[in-house]
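What follows is one structure encoded as structure tokens, with my remarks underneath.
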Amino acid sequence: MNEIFSGRGFPIGATVTEAGVNFCLFSKNAQSVDLMLFDSPEAITPIQVISLDPRTNRTYHYWHVLVKGLKAGQLYGYRVNGPNDPARGHRFDPEQVLLDPYAKAVAIPAEKKSK
């Protein structure tokens with residue numbers, strides 16, 4: 001398992017640093033956020049799930065964490081929990097793996113590429 005630090009609330013997205021990778025996600029209404037690390041685009045199960053603590057990994061509406069030792073190219077996604085109230089524009093579903101809207105690339109499983 002990787003060493004985890006509180007990280008920084010800027011810049012948004014995944015930022016490679018000398019220490020590892022800082023992840024930052026904006027969500028005004030999230031109640032909890034899990035960062036999930038994967039070892040391949042085909043992986044169904046993450047190799048590590050990092051639950052962000054709102055007391056140490058949240059600054060205003062920015063959820064952040066620094067994962068020591070990670071390098072560029074690490075595959076990741078988020079699970080975000082919050083209110084499910086479509087009338088107010090809230091459609092949180094903690095069962096879904098979300099892409100980072102600020103990601104610089106998206107990895108597609110091999111079987112999906114050929115179709």
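Taking CZ of Arg79 as the reference point, atom OG of Ser51 lies at 11.0 Å (rounded to 0.5 Å). Note that CG of Leu52 is 7.5 Å distant from CG of Asp34, once rounded to the nearest 0.5 Å. Atom CG of residue Asp85 and atom CG of residue Asn29 lie 10.0 Å apart, to the nearest 0.5 angstrom. A distance of 10.5 Å separates CZ in Phe5 from OG1 in Thr17, rounded to the nearest 0.5 Å. With rounding to the nearest 0.5 Å, the separation of CD in Glu3 from CG in Leu70 is 11.5 Å. Within the model, atoms OG1 of Thr59 and NE2 of His64 stand 2.5 Å from one another, a figure rounded to the nearest 0.5 Å.
Counting only heavy atoms from C-beta outward, the side chains of Leu37 and Pro46 never approach each other to under 4.5 Å. Here the side chains of Val49 and Leu35 are not in contact, with every heavy-atom distance at 4.5 Å or above. Counting heavy atoms from C-beta outward, Asp93 and Asn84 have side chains that stay 4.5 Å or more apart.
Not counting sequence neighbours, the partners of Gln31 by the side-chain contact (heavy atoms from CB on, under 4.5 Å) test are Pro83. Remark: Asp100 pairs with Tyr76, Tyr78, Tyr102, Ala103 by the side-chain contact (heavy atoms from CB on, under 4.5 Å) rule, at least two apart or across chains. For Asn22, there are no side chain to side chain donor-acceptor pair (under 3.5 Å) partners two or more places apart in sequence or in a different chain.
Tracing side-chain contacts under 4.5 Å through hydrophobic residues (I, L, V, M, F, W, Y), one never reaches Leu99 starting from Tyr62; they form parts of separate clusters. Both Trp63 and Leu98 are members of a single hydrophobic cluster when ILVMFWY side chains are connected at heavy-atom separations under 4.5 Å. At a threshold of 4.5 Å between side-chain heavy atoms, the hydrophobic network of Ile, Leu, Val, Met, Phe, Trp and Tyr places Val16 and Leu25 in one connected group. In this structure, Ile50 is a member of the same hydrophobic cluster as Val21, with clusters built from ILVMFWY side-chain heavy atoms closer than 4.5 Å.
Of the options Val106, Ile108, Leu75, a side-chain contact (heavy atoms from CB on, under 4.5 Å) to Pro41 is made by Leu75 and by none of the others.
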Could you check His61 against Ser27 for side-chain hydrogen bond (donor to acceptor under 3.5 Å, both in side chains), going step by step and ending with a plain yes or no? CA-CA 5 Å; His61 300 310; Ser27 182; over 6 Å; no
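Judged by distance alone, with hydrogens and angles left aside, the side-chain atoms of Asn81 form no donor-acceptor pair with the main-chain N or O of Pro94 at under 3.5 Å. Checking side-chain atoms of Ser40 against main-chain N and O of Ala43 turns up a donor-acceptor pair under 3.5 Å. A donor-acceptor pair is defined here as one N or O able to donate and one able to accept, closer than 3.5 Å; such a pair exists between the side chain of Gln74 and the backbone of Phe38.
The minimum heavy-atom distance linking Arg91 with Pro86 is given by the pair NH2-CB, 3.7 Å. In plain terms, the two heavy atoms of Asn2 and Gln48 that are nearest each other are ND2-OE1, 2.9 Å.
Within a 6.0 Å radius of NZ in Lys104, more than 12 heavy atoms belonging to other residues, nucleotides or ligands are found.
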